[in-house]
Undergrad: 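Here you go, one structure.
We name chains A, B, ... by the order of the sequence lines, and we start the count at 1 in each one.
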Amino acid sequence: MTDDLAPLPARPEKPPRRRGPLIATVLLLLGVGVVLFVTLGDAALVFYEVDEAVEKRDELVEKRFRVVGTPLPGIVETRIGGESTVVFTFCAGGVYADVAHAGDPAELFQPGVPVVLQGEWVAGSLVEIDSLEHSANDGWFLLTDHMVVKHDNDYRTDKDRVTDVASCALKE
Amino acid sequence: MSTRKIFKRNQGATSSPKSRLLGLATLFGLVTLFVFAFFLTDPDVRLHPTTGEEIGQFDAVRLLYLHVPMAIIGPYVAPLVGAVASVGYLIKRTQWWDVTAHAAIEVGAIFCGLVLLTGSIWGRPVWNTWWEWGDVRLMTTLILFLMLLGYLALRRVAPDGQKQARRSAIVAIVAAINLPIINRSVEWWESRTLHQKSTLSELKIEDLTFFTLMMGIVVFLMLFTWLVLHRFRLGWLEKESLEQDVLTSIEERRSEATVNEEGTL
C-alpha cells in the first residue's frame, strides 16, 4: 500500500520541439503549391503561333491569349487613346496578322526578332494599319498590352544566322 | 554544436594540400573567366539585313558565361550527385553516403538560387521581363530549388539521425525526377515556352564565345567540387563531434554512477 501511495517519479521532460524548421518546411510546401497554382492558371492562357491564332479566330474572339510570331519591317509608332502604341504586322508559318501593341515595347523589339504578345482579337481596322508595308488588312487586328522577346539560341556570327532571323519561315 | 562552432574549432581541418591546390586553381580559373567574359569576348551584336539596325543581346550576353555553367551544376550535377548518394545511403546505410548527399544538395541549392537570380537579371533587358510564370523551364527550376530547400529544412526537423537521413534521401530522389523535365522542357514545349532551346547541343556557338562558355563550365565544376569537398569534411566533423558528445555524456554518467555506488557502500 505504501508503495502505491508513494509519489510517482517525475516524468522525463520532453525535449523542446524545434518549430523553426517545421514552419520552414510548411512554408516551402505552400510555396510549391502557390507556384503550381499560378503556373497552371497561367498555362490556361494558351500560347498560339500567329497562323494558329488566325485559323482559330472564331473560337478566340473575346478571349485573352498569348501569341508568338515575328514582327515584319515597317513598324509604325503612334498614340491611341493617349497611350503610346506600336502598330505592325506579325507573322508565323507564312500567315500575317496586324497588331496594335499598347504601351512601351520591349527594348529588343525589332523586325525579325520573335516576340510573345498577350491580348485579344478586335474586329475592325486602324488608320495606321493601312500604311503598313506587309499589312494583313483582313478586318481584324490583335490588341495587345504585354510583350516579351522570344530570343533564339544562336550565338554564331555568320551570315546564315542573320538570314534566319529576318525570315518568316513557312511551315514545312 | 553548431556548424559554425565546429568550423571554428577545426579551422584548417577541412582542407588538404590537394584541396588547397584545387582551390587556388579554381580562384585562378574564376579570375580568367571574368576577364574573358567581361573584357575579351565581343557583345552579341549583328546588323539587321533589311533595316541595317544593330540587333542582339548586346552586353547582356556576358551574363550567360556565368548563368549557363551555374545552370549545368545547380539544377543538374548537384541534385544528381545528391540523388545517387541518397540511393547509396538507402542501400548501404552508411554515413559517408548521407554526408555526401547533404553536401552536394546544400551547394546545389546555392547554385540553383544563383541560376534563378542571374537568369532574372539577364531576362529583364533581353526578354523584357524579370520573371515569366508561364515558362516551363523557369517554373520547373523554381520547383527544384524549393525542393532542395525543403531537403535542407527536413534535415533539421527529424529528431534522430537515421530517420533524418532516410527521409532526406527520399526527398533527394523525388527531387531528381524533375531533372529530365527541366532538361527536355524547351523541346517538349518548344513553341509554348519563352526559354530558348539548348545552344550547346545544336552547336550554334563558335570561336571565343564557345571557348569562354566551355571554360566557364570547367571552372564552375571545379568550384562545385571544391565546395562539396569542404562541406563534406565539415559534415563529417559535425557527425564525429556529435558522436563524441554522446560518448562523453555516457562516460560522465558512468562516472557519476560509480561515485554514487561507492558512496552507498
Side-chain angles (χ1 to χ4, degrees), chain A residues 15 17-29 31-32 35-36 38-39 41-49 52 66 68 72-75 92 104-113 115-116 118 146-159 161-163 165-167, chain B residues 42 44-51 53-58 60-61 64 123-129 132-136 138-140 142-143 145-147 149-150 152-159 186 189 191-207 209-210 213:
Chain A
R17 288 186 76 115
R18 300 170 69 187
R19 291 188 188 277
L22 192 67
I23 292 168
T25 310
V26 171
L27 285 175
L28 281 168
L29 284 173
V32 171
V35 165
L36 285 174
V38 175
T39 309
D42 217 42
L45 206 65
V46 184
F47 214 111
Y48 294 100
E49 290 190 61
E52 286 177 278
R66 282 186 295 193
V68 60
L72 296 174
I75 294 164
D104 291 329
E107 277 177 50
L108 298 186
F109 175 64
Q110 292 267 1
V113 178
V115 288
V116 181
Q118 202 167 299
H146 180 72
M147 178 193 288
V148 284
V149 174
K150 188 172 168 63
H151 198 275
D152 67 6
N153 62 342
D154 202 336
Y155 292 87
R156 292 172 297 180
T157 48
D158 59 20
K159 288 175 187 169
R161 180 188 177 191
V162 174
T163 316
V165 167
S167 66
Chain B
D42 291 326
D44 178 53
V45 184
R46 61 215 132 106
L47 293 179
H48 193 276
T50 49
T51 62
E53 283 182 75
E54 286 188 338
I55 56 171
Q57 293 183 29
F58 304 97
V61 75
L64 293 185
R124 182 64 192 87
V126 178
W127 282 356
N128 194 40
T129 181
E132 184 65 21
W133 287 106
D135 186 80
V136 186
L138 257 63
M139 299 319 299
T140 46
L142 178 63
I143 288 169
F145 178 57
L146 292 174
M147 290 192 83
L149 292 184
L152 296 175
L154 189 65
R155 290 199 71 94
R156 292 180 173 273
V157 173
V186 288
W189 289 277
S191 58
R192 300 272 184 267
T193 195
L194 189 60
H195 208 285
Q196 63 211 56
K197 287 166 77 179
S198 167
T199 297
L200 285 172
S201 62
E202 295 181 11
L203 269 179
K204 286 185 171 178
I205 186 165
E206 57 191 9
D207 304 334
T209 313
F210 180 64
L213 190 61

Undergrad: Please classify the contact between Leu146(B) and chain A as side chain, backbone, both or neither, with a heavy-atom cut-off of under 4.5 Å.
TA: both
Undergrad: At their closest point, which heavy atom of Asp44(B) faces which heavy atom of His151(A), and how far apart are they?
TA: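 Between these two residues, the closest heavy atoms are OD2-NE2, 4.2 Å.
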Undergrad: Using heavy-atom distances under 4.5 Å, tell me whether Phe210(B) contacts chain A through its side chain, its backbone, both, or neither.
TA: neither
Undergrad: Is Leu64(B) close to Tyr155(A) at the side-chain level, that is, under 4.5 Å between some pair of heavy atoms?
TA: yes
Undergrad: Can you say whether Val61(B) sits under 4.5 Å from chain A via the side chain, the backbone, both, or neither, judging by heavy atoms?
TA: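 The side chain, not the backbone.
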Undergrad: Measuring from atom CD of Glu206(B) to atom CG of Asp154(A), what distance do you get when rounded to the nearest 0.5 angstrom?
TA: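 CG of Asp154(A) is found 8.5 Å from CD of Glu206(B).
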Undergrad: So what's closer than 4.5 Å to chain B heavy atoms on Val148(A): side chain, backbone, both or neither?
TA: both
Undergrad: Look only at the side chain of Asn153(A) and the backbone of Gln196(B), and say whether a donor-acceptor pair between them is shorter than 3.5 Å.
TA: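 No.
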Undergrad: Hey, what do you get for NZ (Lys150(A)) to CD (Glu132(B)), rounding to the nearest 0.5 Å?
TA: 10.5 Å
Undergrad: Could you give me the CA-CA distance, side-chain angles and deciding distance for Val126(B) and Leu108(A), then say whether side-chain contact (heavy atoms from CB on, under 4.5 Å) is met?
TA: CA-CA 6 Å; Val126(B) 178; Leu108(A) 298 186; 4.0 Å; yes
Undergrad: Please determine, among Leu213(B), Thr209(B), Leu149(B), Asp207(B), the option with the most heavy-atom pairs under 4.5 Å with chain A.
TA: Leu149(B)
Undergrad: Would you call Arg66(A) and Leu194(B) a side-chain contact if the rule is heavy atoms closer than 4.5 Å?
TA: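 No, too far: nothing below the 4.5 Å cut-off.
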